[in-house]
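Working notes, structure below.
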Amino acid sequence: MKFPSDDYEHYVPPAKPSKEFPDDFGFVLVDSMEDFIRILKDNKDVDYVAWDLETTGLNPEENSIVALALAFHNKNNKVGYCVPINFNKGPSLHYDALALFYKFLRKYKKRSLLYNARFDMRFMEIYGFDMDKISVYDVMLGIWLADTNVKFPSLSASARHFLGWEMQEYDSVLGDDYNLWYVAPKEVTFYAGSDALATLHLAKHSFRYLKEAKLAGKIDNRILYPLMKFEDDPLRIDVKYLGGLLDEYTNRQSELEKEIHIMAGYDFNINSSRQLVEVMMQLGLNTGKYTKTGQMQTSLPVLEKLEGQNNHPFLEKLMEYKRINKSLGSYIKPLTQYAKESKQYCESTGDGYLRFAYHNTVAPTGRFACGSEDKNSYFSKINKQSIPKPSERIWYVAPTDEPSEEVSLNEHNIEGYKFSTERISEDAVEAFSPEANVRRGFIPYDDFYWVSVDFSKQELLIPTNITQEPIWKTAFKEGKDLHSETALKIFGEVDKHKRALAKTCNFGLAYGMSHHTLAERFDMPVNEAEKFVEDFKGTLKELFSWMERHKRKAKREGVVYTSFGRPRRLKYYFEHESPQVRAFGYRSAVNSVIQGTGADIMKMALVKLWDNLLNVDEYRDDVRFASMVHDEANFYVRKSKLLEILPKIIDCMELKFPQWELPMEVDVEIGNSWGFCFPFDFKDGVLTPKLED
DNA sequence: AAATGGGGCGCC
DNA sequence: AAAGGGCGCCCCATTT
């Protein structure tokens, strides 16, 4: 089932269609600098200015600004201006008008109201205007916070919903023209002016919900500029390496394809689940699981399960094919291709550069989503937050005098230590295996390390702080293994299986996992799983008592908040006629708080990093933000400055909150690429490999 | 040819 | 009656 479904009702009831708009409003084409100067002068005392750029397209590297739309928060709020910047025909005020407007914003300290602010800020920066010096409020944020279940609320949808305005469609402005540059400015005036007016009029609705979201709302707006800068800086990609991986995988894929076809007795498309089901039926391979459309499931988990019962060689080959095919199609091929197509690609060095877009108004819990923007080649069409992690293996560690570098895929020198897959010592750490290592394609600049810092056990620490669960709190305080401690308290003893059970439940509870799933996972009888879950709940009393209270409160109020005020409206789900949808509501009530609080904390850490490190002249040449994956932040750090920069990163991320007993802790990994990072302990200014127990 | 829905799978 | 939260992309099959 899709959540929210198509008939989803917005938390805020829709406004009645407005009779005012557009008849009571004025739309003015500003066709001379004199007029523009006069208009700005007349409005030099207003506090807010809503503005919006019309461009020839979405890509700031390839497209240009054609018009600036404006609406001032003055007495009537009813005039939308269109300032033509650069059109094919008709008046154009060019760069001068933009510069004048920027000066106006700076000099009179205007607060800018933008809708999807990073888009306009990015174009302004490319035109040479420093947007860090401008006070900006993104109206879209509060509109989204009004109901975060609604993803990326567009300006036109929001104007319709909150104001009852019907906006002109972009395609009707464009007509048969290629882009807005070809359209006559007077034809763009209404479209542009109403965008700015809608932004202005939406602002008062938006502020209400932003304010309600307290610190989380503030952070969402505060992070806009750094987030834009993070997106603008492309990541360095090792195209030669990925090209090698591409060849290797392609060969293996066609080998497997041949073997599978031979076993089937004829050629077929393995990627077609229909054809695959047909073949499996003929081979007598039934997974016993079906999709809701009635087709037999052929996913990896059910294949794995079937392999446990039926050791048919077809299954092994099929599973390997699926993994290889996924890796190739979703990651290796597109990464290689986009990096080669990138403007900064250098064939001799094999360096390519890719940008990744982060979406801040998509995931209802407040996490960032990561992916492409439709038809915008500025960003690569890859989800940076889902690049495969290679399997893990043991690496041996010994001190070395050799310089820090990647010696080979099996040997890496980092900060005076050699990490090798060969047994060179007794000391060992666990890290990614050299095989199938897509992340090795992400490399820092020469003379820089790839530094990865992630929040330690974030999804367990947060509920511990919120619920005060004593067993977990003690385990955290004493630095003990949380899963073993939980298992010990339940069973009175611990072994590998008992710890694994406890671990699955520990993580599963945040998602509202049922005992049926647990039974399935561990291949145990349902009643046994049920008994275990009962014991589990009885052991972690405080945790589950909080969960019950929290769910009741959520049902009563129809909304839950993260520890920092981010709302998730669940009324629609709680009141739905379908028990499945209602159950989804209760699971989301718990999960939104845990996942959302984690997202709030990462955003706060990023803002702190920006203010104290990344945007500070003193450190600018020595550290750069590379990427983030929910609870992990990655940096390029100059090797010679590592011991100076690393403590600052850690300090920014190990946040303490007065209402929480346990502070955030981080784990540090250092390497010469994202694929070969090794865990280090950092104490008293000294780095030592974090050895296996 | 482009859009859409479903199944599948990568990450946290 | 179903049974695990959040995301985006690939591929197939079908519709427009």
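Every chain is numbered from 1 and lettered A, B, ... according to where its sequence line falls, protein lines coming before strand lines. Because the structure is predicted, anything quoted here is derived from the model rather than measured.
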- For A/R274 and for A/K151, find the nucleotide of DNA chain C with the closest heavy atom, then tell me which residue's nucleotide is more 5'. A/K151

- Given DNA chain C, 5'-ward residue of the pair A/S514 and A/N383, judged by closest heavy atom: A/S514

- Message: Tell me whether the NZ or CZ atom of A/R439 lies within the 45° cone about the ring axis of A/F432 and under 6.0 Å from its centre.
- Response: no

- Task: Flag this pair as yes if the NZ/CZ of A/K384 is under 6.0 angstrom from the six-membered ring centre of A/F442 and inside a 45 degree cone about the axis; otherwise no.
- Result: yes

- Message: Tell me if a side-chain donor or acceptor on A/E469 pairs with a main-chain N or O of A/E542 at a distance below 3.5 Å.
- Response: yes

- A/K381 NZ: over 12 foreign heavy atoms closer than 6.0 Å: no

- Would you say the base of C/dG6 and the side-chain of A/R587 have a donor-acceptor pair closer than 3.5 Å? no

- Query: Does A/R323 get its side chain close enough to the base of B/dC9, under 3.5 Å, for a donor-acceptor pair?
  - Reply: no

From [atom1] of [X] over to [atom2] of [N], roughly how many Å is that when rounded to an integer?
X	N	atom1	atom2	result
A/K384	C/dC9	NZ	P	14 Å
A/N269	B/dG8	CG	P	14 Å
A/H515	C/dG4	NE2	P	10 Å
A/F379	C/dG8	CZ	P	14 Å
A/K322	B/dC9	NZ	P	4 Å
A/K326	C/dG8	NZ	P	13 Å
A/K375	C/dC9	NZ	P	14 Å
A/E278	C/dA13	CD	P	11 Å

- Could you check whether the rings of A/H576 and A/Y572 sit parallel, tilted or perpendicular, using 30° and 60° as the cut-offs? perpendicular

Name the nucleic acid region contacted by [X], choosing base, sugar-phosphate or nothing; use a 4.0 angstrom heavy-atom cut-off, strictly under.
X	answer
A/S372	sugar-phosphate
A/I387	sugar-phosphate
A/R521	base

- Task: Could you work out the separation of B/dG8 and C/dA3 based on their P atoms and round it to a whole Å?
- Result: 15 Å

- Expressed as a whole number of Å, how far does the P atom of C/dG4 sit from that of B/dG5? 25 Å

- Query: Will you find, in the side chains of A/R323 and A/S327, an N or O donor that is under 3.5 Å from an N or O acceptor?
  - Reply: no

- Query: Looking at B/dC12, B/dC9, C/dC7, which one has an atom nearest to any side-chain atom of A/A369?
  - Reply: C/dC7

- List for me each residue that meets side chain to side chain donor-acceptor pair (under 3.5 Å) alongside A/E320, sequence neighbours excluded, and say none if there are none. A/R252

- Which ranges of DNA chain C pair up as stems, where a stem means three or more consecutive Watson-Crick or G-U pairs with both distances under 3.5 Å? B:1-12 with C:5-16

